[in-house]
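To start, the structure under review is shown below, and the notes come after it.
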Amino acid sequence: MGVAILAPVPAVIIDSALETCTCEGVVAFGTNAFEVFHQVEEEYGTGIPVIIKPTPRHGDPRGYARMTFSGLFERFTKADRQGLHPEPAKRPAVTLSPEDPDTPVYGFWEISNFQLMSNRVSLGSLRAIGQKTPLPATYKFQGPLLVVADFL
């Protein structure tokens with residue numbers, strides 16, 4: 001049994017994020033939920049597993065919302081004054097499009113080893129830190145969450 005970060009990522013950026021991680025060694029995802037990542041850095045450090053559930057909110061042309069991805073947390077990087085990553089190459093290229101620019105955020109959680117998991121992770125197999133019951137199968141993401149996973 002281990003602790004992991006459970007995080008939503010828009011399904012439409014998964015391909016670009018995979019390519020970025022391959023080229024840069026890490027990929028950075030934007031967030032305003034800095035509290036979660038500061039807690040991770042303080043209590044767990046780097047290398048904590050990340051379970052990524054793609055969300056279809058902005059589209060899902062390849063069916064990624066039915067899959068689960070994973071990675072390892074490397075660091076949290078504060079955004080620059082414009083709310084952008086100070087090293088744009090670490091962002092999925094699709095998020096850097098001038099036609100559809102990044103939304104300014106507080107910071108970025110960076111992961112390495114971003115990949116498709118061989119088994120889909122059921123939300124019911126995860127329990128939020130501090131909770132006694134598993135997440136409901138219909139859990140609605142409000143952002144990243146620290147979870148306990150029996151399979152880790």
Side-chain angles (χ1 to χ4, degrees), residues 1-79 85 87 89-96 100 102-103 105-152:
M1 179 164 50
V3 173
I5 301 165
L6 174 64
V9 169
V12 295
I13 70 168
I14 294 292
D15 286 332
S16 184
L18 288 165
E19 184 177 324
T20 299
C21 194
T22 298
C23 293
E24 298 297 319
V26 296
V27 61
F29 298 103
T31 187
N32 288 317
F34 60 89
E35 301 94 349
V36 172
F37 296 101
H38 288 305
Q39 179 183 1
V40 167
E41 289 182 326
E42 288 176 8
E43 295 181 24
Y44 304 100
T46 62
I48 183 174
V50 179
I51 301 167
I52 295 173
K53 297 299 270 183
T55 59
R57 181 175 174 206
H58 300 288
D60 185 16
R62 295 177 50 102
Y64 286 142
R66 294 185 304 274
M67 301 174 193
T68 307
F69 292 78
S70 66
L72 296 174
F73 176 75
E74 295 295 331
R75 72 191 63 82
F76 184 83
T77 300
K78 191 168 185 231
H85 197 290
E87 297 178 68
K90 292 182 177 179
R91 294 285 287 136
V94 71
T95 66
L96 303 175
D100 186 19
D102 245 353
T103 302
V105 293
Y106 178 83
F108 300 87
W109 49 283
E110 298 179 18
I111 64 167
S112 61
N113 299 336
F114 184 40
Q115 61 189 330
L116 175 65
M117 292 180 74
S118 56
N119 294 323
R120 183 173 185 234
V121 173
S122 162
L123 292 175
S125 69
L126 305 172
R127 179 175 48 83
I129 293 285
Q131 300 295 314
K132 293 182 180 184
T133 59
L135 294 174
T138 57
Y139 177 74
K140 300 292 183 207
F141 281 99
Q142 300 298 315
L145 179 69
L146 282 173
V147 295
V148 175
D150 291 332
F151 57 87
L152 294 176

Any side-chain to backbone donor/acceptor pair from [X] onto [Y]? Under 3.5 Å, distance only.
X	Y	value
E41	F76	yes
T95	P92	yes
T77	F108	no
N32	V105	no
R120	T68	no

Considering non-hydrogen atoms only, spot the tightest contact between [X] and [Y] and give its length.
X	Y	result
S112	E74	OG-OE2, 2.6 Å
V121	S125	CG1-OG, 3.7 Å
L123	L135	O-CB, 3.4 Å
F69	L18	CE2-CD1, 4.2 Å
P144	I5	CB-CG2, 4.3 Å
A89	E24	O-CG, 3.2 Å

Straight-line distance of Q115 CD to I52 CD1, nearest 0.5 Å:
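Taking CD in Q115 and CD1 in I52, the distance rounds to 10.5 Å.
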Would you compute the distance between atom CZ of R91 and atom CD1 of I13 and round it to the nearest 0.5 angstrom?
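Rounded to the nearest 0.5 Å, the CZ-CD1 separation comes to 6.0 Å.
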Apply side chain to side chain contact (heavy atoms under 4.5 Å, CB included) to the pair D15 and R62, showing each step before the final yes or no.
CA-CA 9 Å; D15 286 332; R62 295 177 50 102; 2.9 Å; yes
For the pair L6 and K53, evaluate side chain to side chain contact (heavy atoms under 4.5 Å, CB included) and give the outcome as yes or no after the intermediate values.
CA-CA 7 Å; L6 174 64; K53 297 299 270 183; 3.7 Å; yes
Partners meeting ring-ring contact (aromatic ring centres under 6.0 Å, His included) with F29 (sequence neighbours left out):
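If we apply the ring-ring contact (aromatic ring centres under 6.0 Å, His included) test to F29, skipping adjacent residues, the hits are W109, F114.
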Take a 6.0 Å sphere around CD of E19 and say whether it holds more than 12 heavy atoms from other residues, nucleotides or ligands.
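Open: at most 12 neighbouring heavy atoms sit under 6.0 Å from CD of E19.
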Name the one of V26, L72, V27 that satisfies side-chain contact (heavy atoms from CB on, under 4.5 Å) with I111?
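Result: among V26, L72, V27, V27 is the only option passing the side-chain contact (heavy atoms from CB on, under 4.5 Å) with I111.
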Could you walk me through whether E110 and H85 pass the side chain to side chain contact (heavy atoms under 4.5 Å, CB included) test, one step at a time?
CA-CA 11 Å; E110 298 179 18; H85 197 290; 2.8 Å; yes
Is there a side-chain contact between V94 and V12 (heavy atoms, below 4.5 Å)?
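A side-chain contact under 4.5 Å is absent here.
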Quick one: does V148's side chain get under 4.5 Å of I129's, heavy atoms only?
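A side-chain contact under 4.5 Å exists here.
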Keeping to residues at least two apart or across chains, list the ring-ring contact (aromatic ring centres under 6.0 Å, His included) pairs with something in residues 115-139.
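Pairs touching residues 115-139 that pass the test: Y139-F141.
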